[in-house]
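Data block below; observations after.
Note that the structure is predicted; figures quoted are calculated from it, not measured. Read the numbers this way: they start at 1 and go in the same order the structure lists the ligands and their atoms.
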Amino acid sequence: MTAKIIDGKTVAAELRARIASEVARLKSAHGVTPGLAVVLVGADPASEVYVRNKSKAVTEAGMNPVDRHLPATVSEVELLALIAQLNADPKVNGILVQLPLPKHIDAQKVIHAIASEKDVDGFHPLNVGRHASGSPGLVPCTPLGCVILAKTVKPSLEGLDAVVIGRSNIVGKPVAQLLLSENATVTIAHSKTRDLAAVCRRADVLIAAIGRPEFVRGDWIKPGAIVIDVGINRVTGEGGKSKIVGDVAYAEASRVAGAITPVPGGVGPMTIACLLLNTLRATCEHNNLPAPSL
Ligand code: NAD
């Protein structure tokens with residue numbers, strides 16, 4: 001058996017196209033243009049690439065990018081003042097602070113300072129609490145992307161056994177919450193889990209968010225399972241060239257799974273698409289307009 005490849009690039013492009021047409025409709029029907037503020041502190045090369053890609057996607061969707069680039073030496077007080085200014089700006093519907101921040105700045109303090117209704121990353125404790133208690137709120141982008149991809153294979157995840165490896169606040173925990181709200185039976189596995197391979201073999205849906213190259217082996221996978229690989233790991237491949245691999249041993253796993261995301265080209269492209277989706281949803285909420293059905 002060879003697994004179906006879940007093409008995140010195509011799914012993300014389709015979602016972005018639907019978002020762009022909804023943005024155009026918002027503009028013509030209501031004179032509203034969503035604005036997304038992306039705050040970058042310092043000059044970390046990876047963060048600079050992420051921020052550039054985000055701004056490009058925001059513009060392509062017809063939204064207004066509001067980029068704020070601050071030097072690595074900026075004080076916490078100055079950064080918090082900028083957040084307060086963006087919170088108060090009616091043209092800004094979403095605020096994203098690119099992580100990691102320099103060591104002298106308390107990232108938690110900064111995340112808490114973002115108005116929860118503009119928290120398009122879904123990391124603010126109010127949104128985490130809303131999500132956990134089943135109230136509407138903004139949901140983290142990468143987990144949302146994982147669930148959208150799984151549902152392209154099986155539109156209903158109800159009753160399925162889902163195993164999430166990883167319990168970070170950014171991926172593991174929120175993706176487990178989302179799967180629970182899809183009525184899956186969810187297990188969260190982590191570094192202290194006993195017999196991880198046996199736990200994974202129960203999974204109809206397996207989400208790997210570990211950060212270890214090709215850690216999940218082919219014989220850990222239940223035949224026919226949906227495998228969503230969140231991992232982004234840079235390794236040295238043949239000929240000393242560096243390449244990106246996921247947390248799942250793709251070649252082995254794709255001989256057993258029913259469907260699997262590649263790395264790159266799986267979960268990665270969905271994160272920005274879901275960021276745009278959250279910005280659109282936040283804009284509708286701020287303007288008392290019904291949430292778009294995308
Ligand atoms: P993290 O380091 O915060 O968390 C890793 C989790 O893996 C931890 O909860 C830990 O318990 C678990 N873990 C570690 N070793 C383990 C082991 N031996 N057995 C079982 N579990 C183990 O990482 P994160 O921020 O959640 O990111 C995970 C991966 O996803 C990374 O590769 C990251 O680069 C990637 N990621 C991708 C995207 C994207 O595609 N856009 C977004 C965020 C993170």
Side-chain angles (χ1 to χ4, degrees), residues 6-13 15-16 38 44-54 56-57 96-101 107-108 111 120-123 128 138-150 162-179 186-203 206-217 219-221 227-235 242-250 253 260-278:
I6 306 171
D7 180 356
K9 263 194 196 162
T10 300
V11 178
L15 178 56
R16 282 165 57 168
V38 177
D44 174 62
S47 294
E48 279 184 341
V49 172
Y50 290 142
V51 166
R52 236 192 342 266
N53 289 342
K54 281 171 188 167
K56 194 165 156 262
L96 177 146
V97 178
Q98 185 65 44
L99 301 175
L101 288 168
Q108 284 305 316
I111 290 168
V120 282
D121 251 343
F123 296 155
V128 176
L138 292 160
V139 174
C141 304
T142 301
L144 186 56
C146 292
V147 172
I148 293 174
L149 288 180
V163 172
V164 177
I165 320 174
R167 56 175 162 182
S168 72
N169 290 333
I170 293 175
V171 189
K173 282 185 207 156
V175 85
Q177 282 292 352
L178 277 171
L179 290 164
V186 184
T187 302
I188 305 179
H190 47 76
S191 54
K192 306 286 183 235
T193 296
R194 282 179 295 173
D195 200 353
L196 183 60
V199 172
C200 291
R201 275 184 213 116
R202 295 204 305 259
L206 180 65
I207 313 246
I210 313 162
R212 292 181 174 229
E214 303 185 323
F215 186 75
V216 176
R217 309 310 309 186
D219 64 355
W220 297 19
I221 289 165
V227 177
I228 307 289
D229 189 351
V230 189
I232 301 177
N233 308 290
R234 189 167 286 281
V235 295
S242 110
K243 61 170 187 171
I244 303 282
V245 298
D247 288 345
V248 178
Y250 182 82
I260 186 166
T261 57
V263 178
V267 174
M270 291 302 290
T271 300
I272 291 185
C274 290
L275 175 67
L276 300 175
L277 182 59
N278 276 350

- Any atoms of ligand 1 less than 4.0 Å from a non-hydrogen atom of L196? List them with their elements. 19 (N), 20 (C)
- Message: With rounding to the nearest 0.5 angstrom, report the CD1 to CG distance, I272 to L15.
- Response: 12.0 Å
- Item | Subset of ligand 1 atoms that lie under 4.0 Å from at least one heavy atom of I165 | 20 (C), 21 (N)
- Item | S168, any N or O under 3.5 Å of ligand 1 N or O | yes
- Nearest 0.5 Å, what's the CG-NZ distance between L275 and K54? 6.5 Å
- the protein heavy atom lying closest to atom 11 (O) of ligand 1 turns out to be S191 N, 3.2 Å
- Side chains of I244 and V263: closer than 4.5 Å at any heavy-atom pair? yes
- Distance col, row I260:CD1 vs I6:CD1, nearest 0.5 angstrom, shows 8.0 Å
- Task: Identify, by atom number and element, the atoms of ligand 1 in contact range of G211, meaning under 4.0 Å from any of its heavy atoms.
- Result: 28 (C), 29 (C), 31 (C), 32 (O)
- Task: Looking only at protein heavy atoms, identify the closest one to atom 36 (N) of ligand 1 and say how far it is in Å.
- Result: V230 O, 3.6 Å
- Return yes or no for this condition: an N or O of A189 is under 3.5 Å from an N or O of ligand 1. no
- So which heavy atom in the protein is nearest atom 41 (N) of ligand 1, and how far is it from that ligand atom? T271 OG1, 2.9 Å
- Item | Nearest non-hydrogen protein atom, atom 15 (N) of ligand 1 | R212 NE, 3.4 Å
- Message: Suppose we measure from atom 42 (C) of ligand 1 to each protein heavy atom; which comes out shortest, and what is that distance?
- Response: T142 OG1, 3.3 Å
- Query: Quick one: are P269 and P264 in side-chain contact, heavy atoms under 4.5 Å?
  - Reply: no
- Task: Answer whether the closest heavy-atom distance between the side chains of W220 and L196 falls below 4.5 Å.
- Result: yes
- Between H190 and I188, the two heavy atoms sitting closest are CD2-O, 3.9 Å
- Query: Just going by heavy-atom distances, which of R167, M270, K173 is nearest to atom 8 (C) of ligand 1?
  - Reply: R167
- Hey, mind stepping through T187 and V199 against side-chain contact (heavy atoms from CB on, under 4.5 Å) and telling me if it holds? CA-CA 8 Å; T187 302; V199 172; 4.0 Å; yes
- Item | I207 and L179, any side-chain heavy atoms less than 4.5 Å apart | yes
- Message: Using a 4.0 Å cutoff against the non-hydrogen atoms of G268, which atoms of ligand 1 qualify?
- Response: 40 (O)
- Message: Just so I know, are the side chains of S191 and R167 near enough to count as touching, which here means a heavy-atom distance under 4.5 Å?
- Response: yes
- Message: At less than 4.0 angstrom from any non-hydrogen atom of G166, what atoms of ligand 1 do you find?
- Response: 6 (C), 7 (O), 9 (O), 12 (C)
- Note the single closest protein heavy atom to atom 33 (C) of ligand 1, along with its residue, its atom name and the distance in Å. I232 N, 4.2 Å
- Query: Looking at CG of D44 and CG of L99, how far apart are the two atoms once the value is rounded to the nearest 0.5 Å?
  - Reply: 11.0 Å
- Can a non-hydrogen atom of I210 be found less than 4.0 Å from any atom of ligand 1? yes
- Atoms in ligand 1 with a heavy atom of F215 nearer than 4.0 Å: 17 (C), 18 (N), 19 (N)
- Item | Per-atom contacts of ligand 1 with V171, taking only distances under 4.0 Å to non-hydrogen atoms | 26 (O), 43 (C), 44 (C)
